[in-house]
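The structure appears right after this line, and notes come after that.
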Amino acid sequence: MPEHTLEPTPAAAEAAAVPASPAVPASPAQQGIWLTERLGAARSGFHLPLRITFDRVDGAALVAACAAVADRHPVLRARLAEHEGGLELRPAEAGFTVTEVDATTVTTGGADGADDPGGPDGPAGLFAEETVRPFDPVTGPLARFTLVHGPGGCADLLVVAHHAVFDGISKDVLVADLAAAYNALVAGTPVPAPPVPAADGRGYPIAPAPDEALVREAADWFAPRWSDSADVLLPGVRRTAHGAGPGEAVTRTLDAAALGAAARACGVTTFEFLLTAVHALLRRYGNTDAPVSLPLSTRTPELAGEIGLFVNELPHHAPAAGEPAGGFAAFATAVRAGLRE
């Protein structure tokens with residue numbers, strides 16, 4: 001990765017003073033992420049990037065809108081702190097800022113070692129580097145905003161948040177709140193007031209604790225079914241991965257209508273159809289009992305408009321090898337039954 005030179009503009013925006021949220025206990029999911037982070041096994045696997053491209057934008061209003069979103073969601077300005085043997089969410093030591101960059105000042109290392117201002121990897125390389133740049137959970141904040149100004153008023157806003165305070169649905173919430181704040185600022189109307197803090201009323205949205213009886217029941221159900229194979233058989237893979245490594249995205253466009261029709265023909269939902277396909281593929285590779293992790297939202301209706309970590313992963317095991325023997329449709333029916341159970 002070539003090195004890039006960041007030259008923030010002088011107008012880095014400090015968020016308006018807001019009451020600091022008190023410390024609250026971290027959730028079990030946050031504790032798990034914290035432990036994985038401290039063990040150094042995650043690398044940048046917990047970094048969730050969101051890039052928004054503008055053909056033309058009022059930069060000052062957008063920076064102010066970012067600050068308004070951080071005020072509305074204090075978890076974006078939080079850190080994770082150990083305290084008396086526990087883990088807590090606390091306000092970050094540093095104030096909230098938006099780093100502003102002029103695209104023409106972004107330099108990349110040329111083939112001859114010379115800097116190439118605005119070279120082919122300029123902004124793209126900057127976004128890649130900002131995405132993987134480590135967070136310090138101890139000092140925080142666990143989210144950073146970078147606004148890259150291009151020619152003619154165009155711009156790109158890159159938001160990178162740590163999974164400890166962010167999830168997939170949080171992206172939708174952030175974009176909606178950012179748009180509402182920006183439109184209000186441009187129109188000269190009041191920025192929408194934040195909702196009443198959910199659940200605990202102390203600034204950080206907290207999902208309600210699960211029912212203890214339900215947790216025991218789930219543990220009893222999963223205990224005899226759990227398996228964690230040391231080696232998952234995949235083409236071209238010769239060793240077991242012990243930590244997160246460099247990733248890569250492969251895009252394939254599926255015909256939604258055809259996919260839905262195929263699922264209906266099997267008597268299952270599209271999700272169940274795709275999960276069955278994953279299990280069938282793993283079995284074709286030679287895996288007899290490889291569980292597939294299903295990320296499920298834990299958001300309640302009261303948390304629908306909140307940013308945070310509201311997700312849990314549940315392992316799903318395919319039907320026993322050799323069952324059923326009636327082809328893919330019968331296999332999908334068995335997968336569906338297991339999901340319902």
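Only heavy atoms go into these numbers, but all of them, side chains included; no hydrogens, no water, no symmetry mates. The first residue of the sequence shown is numbered 1, and numbering continues consecutively from there.
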Any sub-3.5 Å donor-acceptor pair from [X]'s side-chain atoms to [Y]'s backbone N or O?
X      : Y      : value
Arg144 : Glu130 : yes
Arg77  : Gly95  : no
Glu313 : Ser293 : no
Ser297 : Arg299 : yes
Gln31  : Ala26  : yes
His162 : Ala164 : yes
Gln30  : Ser27  : yes
Asn287 : Arg283 : no
Thr139 : Glu93  : no

Exercise. Please list, chain by chain and in numerical order, all residues satisfying side-chain hydrogen bond (donor to acceptor under 3.5 Å, both in side chains) with Asn312, sequence neighbours excluded.
Key: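 Checked Asn312 against side-chain hydrogen bond (donor to acceptor under 3.5 Å, both in side chains); zero matches.
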If you group Ile, Leu, Val, Met, Phe, Trp and Tyr by side-chain heavy-atom gaps below 4.5 Å, do [X] and [Y] land in one group?
X      : Y      : value
Leu48  : Ile33  : no
Leu35  : Leu87  : no
Leu339 : Val311 : no
Val268 : Leu281 : no
Leu294 : Val215 : no

Quiz item: In terms of the angle between their ring planes, are Tyr182 and Phe54 parallel, tilted or perpendicular, with boundaries placed at 30° and 60°?
Solution: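 Rings of Tyr182 and Phe54: tilted, as their planes differ by 30° to 60°.
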Do [X] and [Y] come within less than 4.5 Å of each other through their side chains, counting heavy atoms only?
X      : Y      : value
Thr146 : Phe127 : no
Leu142 : Phe166 : no
Leu296 : Leu314 : yes
Tyr204 : Pro91  : yes
Leu309 : Val165 : no

Please report the interatomic distance [atom1]([X]) to [atom2]([Y]), rounded to the nearest 0.5 Å.
X      : Y      : atom1 : atom2 : value
Thr36  : Arg43  : OG1   : CZ    : 15.0 Å
Glu306 : Asp167 : CD    : CG    : 11.5 Å
Thr276 : Leu274 : OG1   : CG    : 8.5 Å
Leu157 : Thr53  : CG    : OG1   : 9.5 Å
Trp221 : Leu214 : CH2   : CG    : 13.0 Å
Leu158 : Leu147 : CG    : CG    : 10.5 Å

Aromatic ring proximity, centroids under 6.0 angstrom, [Y] and [X]:
X      : Y      : result
His163 : His47  : no
Phe135 : Phe46  : no
Phe273 : Phe328 : yes

So which heavy atom on [X] is nearest to which on [Y], and how close?
X      : Y      : answer
Ala304 : Val173 : O-CG2, 3.7 Å
Ala92  : Gly140 : CB-C, 3.9 Å
Lys171 : Pro49  : NZ-O, 3.1 Å
Phe222 : Pro315 : CE2-O, 3.5 Å
Pro137 : Glu37  : CG-CG, 4.1 Å
Ala318 : Phe331 : CB-CZ, 4.1 Å

Exercise. Begin with the C-alpha distance, continue with both residues' side-chain angles, and end with the deciding distance and a verdict on side chain to side chain contact (heavy atoms under 4.5 Å, CB included) for Leu80 and Glu88.
Key: CA-CA 6 Å; Leu80 288 170; Glu88 297 178 338; over 6 Å; no
Quiz prompt | Donor on one side chain, acceptor on other, Asp177 and His73, under 3.5 Å | solution =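 The criterion, which ignores hydrogens and geometry beyond distance, is satisfied for His73 and Asp177.
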Quiz item: Under 3.5 Å, is there a donor-acceptor pair linking the side chains of His279 and His316?
Solution: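 His279 vs His316: donor-acceptor pair found between side chains.
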Quiz item: Hey, which of Leu233, Leu234, Thr288 is the one that makes side chain to side chain contact (heavy atoms under 4.5 Å, CB included) with Leu282?
Solution: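 Considering Leu233, Leu234, Thr288, a side chain to side chain contact (heavy atoms under 4.5 Å, CB included) with Leu282 is found only for Leu234.
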Exercise. Give the C-alpha distance, both sets of side-chain angles, the deciding distance and a yes or no for side chain to side chain contact (heavy atoms under 4.5 Å, CB included) between Arg72 and Leu174.
Key: CA-CA 10 Å; Arg72 186 182 184 92; Leu174 187 148; over 6 Å; no
Practice problem: Sorted by first residue and then second, give each salt bridge (charged side-chain N to carboxylate O under 4.0 Å, His left out) pair with at least one member in residues 332-341; sequence neighbours left out. | Solution: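 Residue pairs with at least one partner in residues 332-341: Arg225-Glu341, Glu272-Arg336, Glu272-Arg340.
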Quiz item: Which salt bridge (charged side-chain N to carboxylate O under 4.0 Å, His left out) pairs, counting each pair once, include a residue from residues 51-65, with sequence neighbours left out?
Solution: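 Qualifying pairs: Arg51-Asp156.
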Practice problem: Evaluate the criterion side chain to side chain contact (heavy atoms under 4.5 Å, CB included) for residue pair Leu76 and Val159; output intermediate values, then yes/no. | Solution: CA-CA 11 Å; Leu76 296 174; Val159 181; over 6 Å; no
Quiz item: In terms of side-chain geometry, is the basic nitrogen of Arg79 or Asp136 positioned less than 4.0 Å from the acidic oxygen of its partner?
Solution: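 So Arg79 does not pair with Asp136 through a salt bridge.
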Practice problem: Take Leu185 and Val191 through the test side chain to side chain contact (heavy atoms under 4.5 Å, CB included) and record every step on the way to the result. | Solution: CA-CA 7 Å; Leu185 289 163; Val191 174; 3.9 Å; yes
